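Small disclaimer: the values here were computed from a predicted structure and weren't measured.
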There are 2 protein chains.
Amino acid sequence: MADISRPSASPGASPLFLREDEIRRGVELLYFGYTRLTNAIDQELVKQGLGRAHHRALYFIARQPDLTVGELLRLLAITKQSLGRVLKELHDRDLVVTKTGALDRRQKLLRLTDKGAALEAELFAQLREKLSAAYVTAGQESVTGFWHVLEGLVPESDRQMVFDLRKDKT
Amino acid sequence: MADISRPSASPGASPLFLREDEIRRGVELLYFGYTRLTNAIDQELVKQGLGRAHHRALYFIARQPDLTVGELLRLLAITKQSLGRVLKELHDRDLVVTKTGALDRRQKLLRLTDKGAALEAELFAQLREKLSAAYVTAGQESVTGFWHVLEGLVPESDRQMVFDLRKDKT
DNA sequence: CAAGATACGTCAACATGGCTGACATATCTC
DNA sequence: GAGATATGTCAGCCATGTTGACGTATCTTG
């Protein structure tokens, strides 16, 4: 692992010390940044009587309509029993519908109902508010740096899956 | 915050569409980056029979020795009952010790034992490995951008607390 | 076309780590 | 001395993860 160009050192500070501090800074900011962003939707989730697990499912189904159950399982990296509980609740509340896959009839394709889409949009609006404020403050160059570092945290084996979220399914 | 409405038509890709995609990209990368980084220590935690909650406490106590219980509560943003359970377990395993505050004898100052420090160092090494690989791949400029965006996600009211982690207690 | 693999669902039991509410004690501050 | 503060603790509940075992429909392949 190559050496990182440390921030122009305060006089005589050990490179090893700075290195540790840079790593800890990243760990902490990632922790606080992530938790505070997710806090943005807490109020609305409580109002709806839903939890974070429900939101994650809603989010990915919104992001990629006709996602299969298996794909969602891989994205969330939980067991099918856990996901089953969440999907059942979303279905019972008319937030999500499934239809049988056209190519492979074993698959179930997931979609939001209008009601589900409206809820997801409302939750997303909160995330957008927080994150776009941070983007604006930091500036576009920082945003691309932010992306690059985070991409580097995603293991090779998962990267394609994550990038594919940005592609519409045909 | 400006209004950023629905993704509009594809041809000539609307700036509004790009904006939503940029926000979703950030949400997803933050989610995957954060979870994959924390995955780095899963194996070791299981081996130790500890959970993530224990690690968070260990981490912050390592980061700022003589932290008080109240400060740790604010950092973790959980109830004292939840934290009490965790601290009791860490104490029972000789990973953490407390001493009465010198200035205010109601306070308990938290410190890692040698054993606790050794464990935290081992866990930190895993985080460092992952995160410094991401830093190196992305480059120093990206790293500062990464920090800036994340700082923007931390509400004003919490920012001082987070920054103060980088200062030694006197 | 039969056999096996795959996609999905579900039952039951359990672990972790949050939460609320109610109280107790020691100590500090005014 | 009275009240605020820092900490601890009992008891119970909830959300969301886990393992293991099975069942059914459907696809794939020899």
Side-chain angles (χ1 to χ4, degrees), chain A residues 31 34-35 38-39 41-61 66-93 96-111, chain B residues 31 34-35 38-39 41-61 66-93 96-111:
Chain A
Y31 169 71
Y34 178 74
T35 63
T38 64
N39 285 346
I41 59 169
D42 283 351
Q43 204 184 344
E44 184 62 24
L45 284 176
V46 167
K47 201 165 99 188
Q48 300 287 333
L50 296 174
R52 288 197 200 287
H54 302 95
H55 176 243
R56 287 195 286 272
L58 278 181
Y59 180 94
F60 285 119
I61 298 169
D66 287 343
L67 199 66
T68 67
V69 171
E71 287 167 336
L72 186 52
L73 277 174
R74 261 167 268 131
L75 285 164
L76 295 174
I78 60 177
T79 59
K80 64 180 173 178
Q81 294 89 331
S82 298
L83 179 58
R85 194 160 42 196
V86 168
L87 284 181
K88 183 179 188 321
E89 285 160 9
L90 293 176
H91 191 265
D92 288 350
R93 288 168 187 251
V96 164
V97 287
T98 61
K99 65 181 171 192
T100 300
L103 300 177
D104 184 337
R105 293 176 46 78
R106 290 171 304 179
Q107 294 182 330
K108 295 219 178 151
L109 309 184
L110 299 162
R111 268 190 181 268
Chain B
Y31 169 71
Y34 179 74
T35 63
T38 65
N39 286 347
I41 60 169
D42 283 350
Q43 203 185 344
E44 184 62 24
L45 284 177
V46 166
K47 201 165 98 187
Q48 300 287 334
L50 297 173
R52 287 197 201 287
H54 302 96
H55 176 244
R56 285 195 287 272
L58 277 182
Y59 180 95
F60 286 119
I61 298 170
D66 287 344
L67 199 66
T68 68
V69 171
E71 287 167 335
L72 185 52
L73 277 174
R74 261 167 269 131
L75 286 164
L76 296 174
I78 60 177
T79 60
K80 64 180 171 177
Q81 293 90 329
S82 298
L83 179 58
R85 195 162 39 195
V86 168
L87 285 182
K88 183 178 189 320
E89 286 161 7
L90 293 176
H91 191 266
D92 289 350
R93 288 168 188 251
V96 164
V97 287
T98 61
K99 66 182 171 193
T100 300
L103 300 176
D104 184 337
R105 293 178 45 79
R106 290 171 304 179
Q107 293 181 331
K108 295 220 178 150
L109 308 185
L110 299 162
R111 267 189 182 271

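Residue A:K108 holds its NZ atom at 14.5 Å from CG of A:D66, rounded to the nearest 0.5 Å. Between atom CZ of residue A:R93 and atom NE2 of residue A:H54 there is a gap of 6.5 Å, rounded to the nearest 0.5 Å. Between B:H55 atom NE2 and B:I41 atom CD1 the span is 4.0 Å, to the nearest 0.5 Å. Taken to the nearest 0.5 Å, the CD atom of A:Q81 stands 9.5 Å off from the CG atom of A:L73. The distance from atom CZ of A:R85 to atom CG of A:L90, rounded to the nearest 0.5 Å, is 12.5 Å. Here the straight-line distance linking atom OG1 of A:T98 with atom CG of A:L87 works out to 9.0 Å at 0.5 Å rounding.
Residues A:L75 and B:Y31 come closest through the heavy atom pair O-OH, 4.0 Å.
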Open item on the list: Across nucleotides 22-30 of chain D, 5' to 3', mark each nucleotide with B, S or - according to how protein heavy atoms within less than 4.0 Å reach it.
Closed with: ---BBS---

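An angle of 30°, rounded to 10°, separates the two end axes of the helix from C:dC1-D:dG30 to C:dC30-D:dG1, each defined over five pairs.
On the nucleic acid side, DNA chain C has its first and last nucleotide under 4.0 Å of a heavy atom of chain B at C:dG17 to C:dC28, going 5' to 3'.
The interatomic distance linking B:L90 (CG) with D:dG8 (C1') rounds to 16 Å, in whole Å. Here the P atom of nucleotide D:dG17 and the CG atom of A:L73 are 11 Å apart, to the nearest Å. One atom, CD1 of A:I78, and another, P of D:dA15, lie 16 Å apart when rounded to the nearest Å. Distance, B:L87 CG to D:dT9 C1': 13 Å, rounded to whole Å. Residue B:Q107 contributes atom CD, which lies 11 Å from atom P of D:dG8 at whole-angstrom precision. Taking atom CG of residue B:D42 and atom P of nucleotide D:dT18, one finds them 11 Å apart after rounding to whole Å. Between B:L72 atom CG and D:dA6 atom P there is a gap of 15 Å when expressed in whole angstrom units. Whole-Å rounding puts the A:H55 NE2 to D:dG17 P distance at 14 Å.
Within a 6.0 Å radius of CZ in A:R52, more than 12 heavy atoms belonging to other residues, nucleotides or ligands are found.
In this structure, A:Y34 and B:Y34 have parallel ring planes: the angle between them is below the 30° cut-off, well short of the 60° mark.
Put simply, the residue from B:V69, B:T68, B:T100 that forms a side-chain contact (heavy atoms from CB on, under 4.5 Å) with B:Q107 is B:T68.
Using a 4.0 Å heavy-atom criterion, one finds that A:R85 contacts the bases of the nucleic acid, with or without backbone contacts as well. The residue B:H91 sits apart from the nucleic acid: no heavy atom pair falls under 4.0 Å. Using a 4.0 Å heavy-atom distance criterion, A:G84 is classed as making no nucleic acid contact.
The backbone N or O of B:I78 sits nowhere less than 3.5 Å from a side-chain atom of B:S82 that would complete a donor-acceptor pair.
In this structure, A:S82 reaches the D:dT18 phosphate: one of its side-chain N or O atoms is under 4.0 Å from OP1 or OP2.
Both A:L50 and A:Q81 lie close to DNA chain D; mapped to their nearest nucleotides by heavy-atom distance, the more 5′-ward contact belongs to A:L50. In terms of position on DNA chain D, the residue among B:K88 and B:R74 whose nearest nucleotide sits closer to the 5' end is B:R74.
The pair A:K47-A:E44 meets the salt-bridge criterion, with a side-chain N (NZ, NE, NH1 or NH2) lying under 4.0 Å from an Asp/Glu carboxylate O.
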